[in-house]
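Since this is a predicted model, take the numbers as computed values, not measurements. For the numbers below, each heavy atom of this structure counts, side chains included, while hydrogens, waters and symmetry mates do not. Within every chain, numbering begins at 1; the chains are lettered A, B, ... in the order of the sequence lines, protein sequences first and strands thereafter.
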Amino acid sequence: MSRLKSDMHNLLTETVLNALFANNIYTVLDFLQTEIKRIGTITALHYKDVVAVRKHLVNKHSAVVHTALDLWNELMAKTAQIPTRIKGVDGILQGGLTTGNIYEVCGLPSSGKTQLCLTLMKNVVSYSNLNVFWIDTKGDFAAKRIKAMLDASKADVELMSKMLVKRLHTQHELINTLYQIKEDVYIRRLKLRLIIIDSLPPLFYQSRDFERNYGVMNDFVNILHFLTRELHIAIVVTNVITTWYEGDFHVENSATEKLGLGKYWLQIANTRLVIKKRANSECTVQVMKSNRLPKGASCKLWIRDEGIV
Amino acid sequence: MYQPINSLDIPENKMQELKSTGYYHCKDVDTDNPLWDVLTRTPETKTALDLYHEEQKMGSIRTFIDHFDDALGGGIPIGKITEFCGESGTGKTQLCFQLCVTVQLPSWCGGLDGAAVFLSTNQSFATHRIRQIALGVVNHYEFIKTKHLVHRKRKVEELCVDKIMGNISHIYITDHIELMAVLIKLKQFINDHPMVRLVVIDSISAPLKTLNGQERTTVVFNFFREVQRLSQEFCFAIVITNDLTTRIGSGSAAYQTPSLGGSYYHRINLRVELEKKSSPVFKAIITKNALKPEREIEFTLLA
């Protein structure tokens with residue numbers, strides 16, 4: 001619902017706009033919903049001109065119709081699969097991360113989520129000419145660890161200049177950042193196919209105003225969908241699983257596991273991977289939910305000096 | 001797709017005002033207003049390489065217990081939240097005291113030339129004990145000074161107990177409201193004392209005990225957001241201590257686990273679980289650390 005501006009049509013001069021604003025006609029929608037005759041009397045434009053402006057605004061501001069074939073062709077041409085180069089993970093993901101999808105990596109605290117994401121970043125940058133964006137909400141990004149991984153796999157340290165990192169602290173900074181990334185990719189042609197957000201809950205646990213949280217979550221999801229579908233990017237988000245204890249002595253099995261961020265978020269990720277720590281430096285990853293991958297597929301991973309293998 | 005003004009940090013009444021005059025997207029607003037810049041600003045983007053150089057430059061706070069530092073990946077990292085947890089008498093506070101002293105060592109021997117702020121919530125700030133530790137460190141410093149510098153004609157900094165004590169500032173906090181309020185004080189203080197490299201909170205769980213679950217999470221996450229933002233801006237490490245709580249597992253078997261639960265554990269960056277072996281030997285298990293795998297070590301505290 002854009003606000004009327006003088007650069008929208010050459011008949012919409014400052015005088016015309018001021019006359020419209022004085023009559024509470026501010027947006028394109030307001031303009032279209034007002035009778036042509038009334039706009040004529042307010043702005044002193046000819047009936048014919050008002051119709052022309054209307055037509056122009058409708059063309060410019062309404063949704064575009066695509067055929068299924070166009071959409072299919074675009075999807076085929078622009079979708080990319082990004083191998084994670086972690087054998088087990090590529091196996092359960094049937095080849096790697098696919099652009100257009102939101103992946104969620106969840107697990108109990110200290111189960112290896114950040115390690116998995118750091119390895120993803122290192123591998124994608126090592127085997128392609130792409131940049132990777134890392135959004136760090138709790139200071140967990142460890143450049144020293146990335147450096148050690150690169151050293152252990154004898155890769156060039158300069159690769160680290162293709163890893164872009166933003167440290168942020170609030171929900172609003174997150175959304176501003178995603179819109180900025182949109183501009184970077186759209187206008188400045190940044191070569192970007194993967195964004196990692198580690199992690200989401202710290203931003204949403206800061207407030208108990210659930211109504212507002214819900215609104216912000218919705219704005220967040222909208223821009224995520226735009227980035228994944230329109231700009232063909234894959235997004236990996238980490239989330240926490242917490243254990244809840246109920247009952248008292250003599251109550252069996254009182255612990256239940258709960259995924260963070262509530263019910264709305266449950267439906268957002270296309271593929272949800274659960275990571276579980278087994279022994280020291282060993283973990284398993286399992287597909288918990290997916291719209292196209294077999295559910296329940298799992299693999300074993302090891303945390304090594306060069307990252308997760 | 002345009003950014004809706006809903007997603008900005010604007011009070012509800014101002015938002016209604018903007019909407020009633022037809023502003024729904026950020027791009028429609030007159031961007032000359034300097035306040036607008038603040039609202040749509042994002043933190044600076046850095047490359048991992050920049051961050052690596054920054055991390056190297058900042059260093060970390062060494063405990064000077066070599067295998068402990070090694071297991072941590074160099075020491076207590078700057079800009080992150082490190083937790084020591086354990087029952088009472090397992091050396092949590094002692095380790096914090098030791099860090100308050102070792103952070104002040106000059107850089108030639110691995111220190112940060114820093115100062116420390118100690119926030120206590122349970123009256124644990126024992127000056128006689130800090131004095132003892134400072135004395136031990138000064139003696140050790142004199143020893144390595146003669147050992148390492150006897151052949152070099154270099155002048156190095158002198159350390160003395162009073163100077164060390166003078167560089168440790170103490171703030172006493174009684175509840176969660178003071179905990180949030182102290183952030184403002186801390187910001188002023190660190191602005192005036194830019195050499196602060198360590199902020200200790202001993203313990204984090206005490207002021208949160210009176211809160212119910214949801215309130216507690218909100219307070220903890222807000223507190224950590226602000227204190228970590230400060231720590232990244234002013235380059236200091238955050239060390240907190242936490243106690244243990246009892247849980248009932250399957251089969252009604254009781255076991256001990258660190259307090260404050262899973263989402264809190266997710267939020268901190270490093271966790272060190274402490275146990276007492278036999279005085280003065282302690283055991284430390286580093287259960288959460290992005291740099292190194294889980295490791296168990298034993299160490300002795302300064303007498």
Side-chain angles (χ1 to χ4, degrees), chain A residues 1-3 5 26-27 30 108-110 114-115 138-147 157 160-161 163-170 172-173 175-177 179-180 182 199 201-202 205-208 215-216 219 223 226 240 242-243 245 247-255 260 280-281 303, chain B residues 1-4 6-9 21-28 39-49 51-52 54-56 73-74 79-81 214-215 217-218 221-222 224-225 228-229 231-232 247-252 254 261-263 265-267 269 271 287-288 290-291 293-294:
Chain A
M1 223 191 308
S2 290
R3 198 166 198 266
K5 269 190 175 169
Y26 294 107
T27 65
D30 294 340
L108 290 167
S110 190
T114 303
Q115 292 295 324
K138 57 190 179 95
D140 256 349
F141 182 79
K144 206 170 169 179
R145 176 74 178 118
I146 286 269
K147 169 78 166 46
V157 181
M160 287 172 82
S161 54
M163 305 171 180
L164 307 172
V165 184
K166 245 191 218 299
R167 287 190 165 146
L168 44 83
H169 303 94
T170 66
H172 305 290
E173 283 175 343
I175 291 174
N176 290 347
T177 295
Y179 277 95
Q180 190 213 313
K182 179 200 120 190
S199 91
Y205 286 176
Q206 288 171 20
S207 162
R208 265 183 305 148
V216 175
D219 287 326
I223 179 69
F226 184 87
V240 67
T242 45
T243 317
Y245 301 90
D248 213 324
F249 281 98
H250 312 298
V251 181
E252 289 276 328
N253 284 335
S254 55
N280 197 6
S281 300
I303 305 174
Chain B
M1 181 174 178
Y2 305 116
Q3 182 170 4
N6 284 37
S7 65
L8 298 175
D9 193 9
T21 46
Y23 293 102
Y24 289 87
H25 297 299
C26 293
K27 67 161 178 78
D28 289 336
L39 286 171
T40 52
R41 182 173 55 190
T42 66
E44 191 193 347
T45 307
K46 292 179 179 169
T47 70
L49 200 58
L51 286 170
Y52 177 69
E54 273 178 30
E55 280 178 18
Q56 291 301 102
K80 302 195 187 218
I81 303 168
Q214 257 173 21
E215 261 179 322
T217 309
T218 317
F221 278 76
N222 276 293
F224 282 167
R225 177 192 71 206
Q228 194 165 39
R229 206 206 290 261
S231 78
Q232 288 169 358
R247 292 253 188 256
I248 322 293
S250 57
S252 293
S263 59
Y265 185 22
H266 178 63
R267 183 64 186 79
N269 305 109
R271 169 171 278 175
T287 52
K288 183 177 188 177
L291 296 178
E294 183 169 323

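The closest side-chain heavy-atom distance from B:His266 to A:Ser199 is below 4.5 Å. In this structure, A:Asp219 and B:Pro4 have side chains that are in contact, with non-hydrogen atoms separated by less than 4.5 Å. With contacts defined as side-chain heavy-atom distances shorter than 4.5 Å, the pair A:His169/B:Pro43 does not qualify. In this structure the side chain of B:Arg225 never reaches within 4.5 angstrom of the side chain of A:Pro202, judged on heavy atoms.
Residue A:Thr243: no heavy atom, backbone or side chain, is found under 4.5 Å from chain B. A:Ile303 does not touch chain B: none of its heavy atoms, backbone or side chain, sits under 4.5 Å away. Proximity to chain A (any heavy atom under 4.5 Å) is restricted, for B:Arg41, to the backbone atoms N, CA, C and O. Residue B:Lys46 touches chain A through both its backbone and its side chain, counting heavy-atom pairs closer than 4.5 Å. Using a 4.5 Å cut-off between heavy atoms, A:Lys147 touches chain B through its side chain atoms alone. For B:Thr287, the part lying under 4.5 angstrom from a heavy atom of chain A is the backbone only. At a 4.5 Å heavy-atom cutoff, the contact between A:Val165 and chain B is made by backbone and side-chain atoms alike. Residue contact with chain B, scored on non-hydrogen atoms closer than 4.5 Å, involves the backbone and the side chain of A:Lys138 alike. Only the backbone of B:Leu39 has a heavy atom closer than 4.5 Å to any heavy atom of chain A. A:Tyr205 touches chain B through backbone and side chain together, each having a heavy atom under 4.5 Å away.
Summarising the geometry of B:Gly22 relative to A:Thr27, their closest heavy-atom pair is O-CG2, 3.5 Å, with the distance given to 0.1 Å. Between A:Gly139 and B:Gln232, the closest heavy-atom pair is CA-NE2, 3.9 Å. Across all non-hydrogen atoms, the minimal contact from A:His172 to B:Ser7 is ND1-O, 2.9 Å. When all heavy atoms are compared, the tightest approach of B:Thr47 to A:Ser161 is CG2-O, 3.6 Å.
Contact tally against chain B (heavy-atom pairs below 4.5 Å) for A:Asp30, A:Leu108, A:Thr177: the top residue is A:Thr177. Looking only at heavy-atom pairs under 4.5 Å with chain B, the residue among A:Arg145, A:Gln206, A:Met163 that has the most is A:Gln206. Among B:Lys288, B:Arg267, B:His25, the residue with the largest count of heavy-atom pairs under 4.5 Å with chain A is B:Arg267.
Taken to the nearest 0.5 Å, the OG1 atom of B:Thr40 stands 6.0 Å off from the CG atom of A:Asn176. Here OG of A:Ser2 is found 3.0 Å from NZ of B:Lys27. Values are rounded to the nearest 0.5 Å. Remark: A:Gln180 CD to B:Thr45 OG1 distance equals 5.0 Å, nearest 0.5 Å. Between the OG1 atom in B:Thr42 and the CD1 atom in A:Ile175 there is a gap of 13.0 Å [rounded to 0.5 Å].
Not one N or O on the side chain of A:Thr114 forms a donor-acceptor pair closer than 3.5 Å with the backbone of B:Ala290. Put simply, the side chain of A:Lys182 gets close to the backbone of B:Met1: a donor and an acceptor are under 3.5 Å apart. In terms of modelled atom types and a separation under 3.5 Å, the side chain of B:Asp28 and the main chain of A:Arg3 share a donor-acceptor contact. One N or O on the side chain of B:Glu55 and one on the backbone of A:Ala143 form a donor-acceptor pair closer than 3.5 Å.
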Trace of the side-chain contact (heavy atoms from CB on, under 4.5 Å) decision for A:Glu173 with B:Asp9: CA-CA 9 Å; A:Glu173 283 175 343; B:Asp9 193 9; over 6 Å; no

